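Throughout, numbering of the chain's residues begins at 1 and tracks the sequence. Below, each value reflects all heavy atoms present in this structure, side chains not excepted, and no hydrogens, waters or symmetry copies. Treat the numbers as computed from the prediction; the structure is a model and nothing was measured.
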Amino acid sequence: MPHSLWLKAAGTAAAVTLAAATAAHAAPAPEPAATQNAAAVVTLRYDDSRAAGWEAAITAGVASWNQNVGNVKLVEATPGTRAEIQIVATSGWPQATLGPVRPGGQVRVELGSQAVSQGHDKTRIAAHEIGHSLGLPDTKPGPCSQLMSGSSAGTSCRNAVPDTAEQARVESAYANGLASLTPADGRTLVDAP
């Protein structure tokens, strides 16, 4: 093979190799399987602007849910924006609308001071009532280890963490980035003894 043809063939081969390498680097690498299959996270906003005196308990209750359920994220609503979970302080017994609330929907949580005056823990009350908004009914009577046992666990109970069954039920309701196909139940559950 003459030297000039050899250089031309080598140059063409190098150009093809360079083009293939450039294309390989330009194409995004496929995402890891774990990322492709990760569940979408549903963000629900809450408005506690009418829950004076409950701020620390609400913050702790929200943190408990955010730390224990992976596909639902509770965030405080920006003032003036619509929130799915309306939280208010009342003088009666705590109560809430049974969800699961969908993004764009709305439920109400009432944090009643009557339960506090009888010795129940504010953080447990807040986390429990938020649990109703996420679709969990009461499990009364029940042990302190079940967040949704509410007041039936007694005034000494300070547990504000959902157990594994409660976590799984919320995860199931919000699977695939949506609240369950059925709308929020809509019943008001009152947590009186």
Side-chain angles (χ1 to χ4, degrees), residues 32-49 51-79 81 83-89 94-112 115-116 120-140 142-180 184-185 189 191:
T35 305
Q36 292 173 353
N37 297 328
V41 175
V42 174
T43 300
L44 298 172
R45 296 162 304 213
Y46 67 92
D47 176 1
D48 64 354
S49 62
W54 287 85
E55 295 87 354
I58 294 167
T59 299
V62 164
S64 178
W65 281 108
N66 284 342
Q67 292 164 4
N68 289 288
V69 179
N71 63 355
V72 178
K73 174 93 171 147
L74 302 171
V75 297
E76 189 168 2
T78 305
T81 62
E84 286 84 9
I85 304 172
Q86 295 289 320
I87 305 174
V88 299
Q95 56 186 294
T97 309
L98 181 59
V101 63
R102 293 179 176 181
Q106 196 165 62
V107 294
R108 181 177 170 95
V109 167
E110 295 184 13
L111 301 176
V116 176
H120 293 281
D121 181 66
K122 278 182 143 181
T123 300
R124 179 173 168 83
I125 293 168
H128 173 92
E129 299 305 327
I130 291 168
H132 287 318
S133 297
L134 299 176
L136 298 177
D138 286 315
T139 54
K140 296 179 182 180
C144 183
S145 61
Q146 291 178 342
L147 176 60
M148 301 314 292
S149 67
S151 61
S152 72
T155 57
S156 63
C157 181
R158 302 283 186 253
N159 174 42
V161 177
D163 70 13
T164 55
E166 293 164 334
Q167 294 170 27
R169 188 162 176 183
V170 170
E171 291 274 359
S172 176
Y174 290 92
N176 302 315
L178 299 172
S180 64
D185 182 291
L189 302 178
D191 196 33

Starting at [atom1] of [X], measure out to [atom2] of [Y] and round the result to the nearest 0.5 Å.
X: Arg108; Y: Ile87; atom1: CZ; atom2: CD1; value: 11.0 Å
X: Asn159; Y: Cys144; atom1: CG; atom2: SG; value: 5.0 Å
X: Leu134; Y: Ile85; atom1: CG; atom2: CD1; value: 5.5 Å
X: Glu84; Y: Tyr46; atom1: CD; atom2: OH; value: 13.0 Å
X: Glu76; Y: Thr59; atom1: CD; atom2: OG1; value: 7.0 Å
X: Met148; Y: His128; atom1: CE; atom2: NE2; value: 4.0 Å

(message) Name the residue from Val42, Val69, Ile130 that meets the side-chain contact (heavy atoms from CB on, under 4.5 Å) definition with Leu74.
(response)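 When Val42, Val69, Ile130 are each tested with Leu74, the side-chain contact (heavy atoms from CB on, under 4.5 Å) holds only for Ile130.
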Minimal non-hydrogen separation, [X] against [Y], with atom names:
X: Ala77; Y: Arg45; result: CB-CB, 3.9 Å
X: Trp65; Y: Ala127; result: NE1-O, 3.0 Å
X: Ala160; Y: Thr123; result: CB-CG2, 3.7 Å
X: Asn68; Y: Ser64; result: ND2-O, 2.7 Å
X: Ser133; Y: Val109; result: OG-CG2, 3.3 Å
X: Pro162; Y: Glu166; result: CA-OE1, 3.2 Å

Short question: side chain of [X], backbone of [Y] - any donor-acceptor pair under 3.5 Å?
X: Thr43; Y: Lys73; value: no
X: Asp163; Y: Gln146; value: no
X: Glu171; Y: Arg169; value: no
X: Glu129; Y: Glu110; value: no

(message) Is there a side-chain contact between His132 and Asp138 in this structure, where contact means two heavy atoms from C-beta onward sitting under 4.5 Å apart?
(response) yes
(message) In the structure I gave you, are the side-chain heavy atoms of Ile58 and Leu111 within less than 4.5 Å of one another anywhere?
(response)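 A side-chain contact exists here, since the closest heavy-atom pair is under 4.5 Å.
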(request) Verify whether one side chain among Thr155 and Arg124 offers a donor that lies under 3.5 Å from an acceptor in the other. (result) no
